[in-house]
Amino acid sequence: MAAPRTTGPRVTRRRVRTRANLLDAAFAVFAAKGFGRVSIEEVCEAAGYSRGAFYSNFASLDELFFALYRERADLIARQVADALAGDGPDLDVPASVDRVTEVLLLDLDWLLVKTDFLVHAARDPAVAATLLDHRARLRGAIADRLARARGHTPLPAVLGDTDSAAHAVVAAYDGVTTQLLLDKDVARARAWLKQLLTALLTDGSAHPE
């Protein structure tokens with residue numbers, strides 16, 4: 001009988017841990033220095049790994065960033081989904097917006113990294129295409145939730161369909177977080193985002209109980 005294979009799981013766990021450590025180190029270095037000012041060597045040094053460890057997990061800094069982006073996008077999607085989990089088809093927009101804006105990730109370091117990368121992507125069509133794809137997935141999740149409620153909670157006519165409404169929601173988030181980068185006031189950003197999304201999704205007609 002062949003001996004049982006015992007090395008696979010340990011190697012897998014080690015690889016997962018190495019990848020996670022590289023992502024954590026890259027995030028810290030990107031936030032401190034700016035995406036375009038960081039080398040692979042600096043990421044490796046911060047994580048305590050060799051270039052070989054880096055290239056066994058990522059082909060480039062762009063690929064590493066997209067892994068970071070997916071992590072944050074997935075986190076935001078989970079936050080939104082959890083905040084809306086108790087809603088039935090009859091979506092209470094003001095209450096839902098309250099719950100979402102209370103838990104939504106508004107992290108200054110992440111916003112710095114994301115903004116740096118947006119500038120980088122704007123100058124590279126291939127990178128921009130990948131980033132646009134990730135943003136489209138986030139908008140798709142928002143549009144899906146709005147579509148499931150639309151028969152019970154109509155959207156303002158000016159927004160058009162649910163895809164357009166999802167674009168508007170993401171644009172509002174982008175605008176508020178840009179201001180947050182400058183004034184560093186997270187509480188104010190949450191309050192402003194709540195007011196803006198409520199007005200946007202209810203045509204300004206929602207009033208507190």
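Computed from a predicted structure; not experimentally measured. Below, each value reflects all heavy atoms present in this structure, side chains not excepted, and no hydrogens, waters or symmetry copies.
- Here OG1 of T162 is found 8.5 Å from CG of D144. Values are rounded to the nearest 0.5 Å.
- Taking the side chain to side chain donor-acceptor pair (under 3.5 Å) definition, one finds that S60 meets it with nothing, sequence neighbours left out.
- Between the OG1 atom in T18 and the CG atom in N57 there is a gap of 6.5 Å [rounded to 0.5 Å].
- Under the side-chain contact (heavy atoms from CB on, under 4.5 Å) criterion, R190 pairs with L104, L106, V186, sequence neighbours left out.
- Within the structure, every pair that satisfies the ring pair (Phe, Tyr, Trp, His ring centres under 6.0 Å) test and touches residues 121-145, not counting sequence neighbours, is listed here: F66-H134, Y69-H134.
- Residues I40 and L64 have side chains not in contact (no heavy-atom distance under 4.5 Å, counting atoms from C-beta outward).
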Side-chain donor-acceptor pairs under 3.5 Å in residues 25-32, sequence neighbours left out?
none

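- Looking at D133, its side chain never comes within 3.5 Å of a backbone N or O of A129 through a donor-acceptor pair.
- How far CD of E63 is from OG1 of T130: 10.0 Å, rounded to the nearest 0.5 Å.
- Closest non-hydrogen pair, L23 versus A67, comes out as CD2-CB, 3.8 Å.
- Partners of S56 by side-chain contact (heavy atoms from CB on, under 4.5 Å), not counting sequence neighbours, listed by chain and number: R15.
- V103 and L197 are not part of a single hydrophobic cluster, where members link through side-chain heavy atoms under 4.5 Å apart.
- Residues L132 and L68 do not share a hydrophobic cluster, clusters being chains of Ile/Leu/Val/Met/Phe/Trp/Tyr side chains in contact below 4.5 Å.
- The ring pair (Phe, Tyr, Trp, His ring centres under 6.0 Å) pairs that include a residue from residues 171-193 number zero, where partners must be two or more places apart or lie in different chains.
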Distance-only criterion, 3.5 Å: show the donor-acceptor pairs between side-chain atoms of residues 112-123 and protein atoms not counting sequence neighbours.
unit_1, atom_1, unit_2, atom_2, d
T115, OG1, L111, O, 2.7
D116, OD2, F35, N, 3.2
H120, NE2, D62, OD1, 3.1

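- Note that OH of Y49 and SG of C44 are 10.5 Å apart. Values are rounded to the nearest 0.5 Å.
- Among residues at least two apart or in separate chains, salt bridge (Lys or Arg N to Asp or Glu O under 4.0 Å) pairs with a member in residues 30-53 are K33-E42, E41-R51.
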Inset, instruction - Decide yes or no on side-chain contact (heavy atoms from CB on, under 4.5 Å) for L61 and F54, but give the supporting numbers first. - result: CA-CA 9 Å; L61 285 177; F54 180 95; 4.1 Å; yes
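- Residues satisfying the side-chain contact (heavy atoms from CB on, under 4.5 Å) test with D183, not counting sequence neighbours, are Q179, L180, D185, R188.
- Listed by chain and number, the residues in a side chain to side chain donor-acceptor pair (under 3.5 Å) with R19 amount to none (sequence neighbours excluded).
- R135 meets the salt bridge (charged side-chain N to carboxylate O under 4.0 Å, His left out) test with D174; sequence neighbours excluded.
- Taking D98 as the reference, K194 meet the salt bridge (charged side-chain N to carboxylate O under 4.0 Å, His left out) condition, with sequence neighbours excluded.
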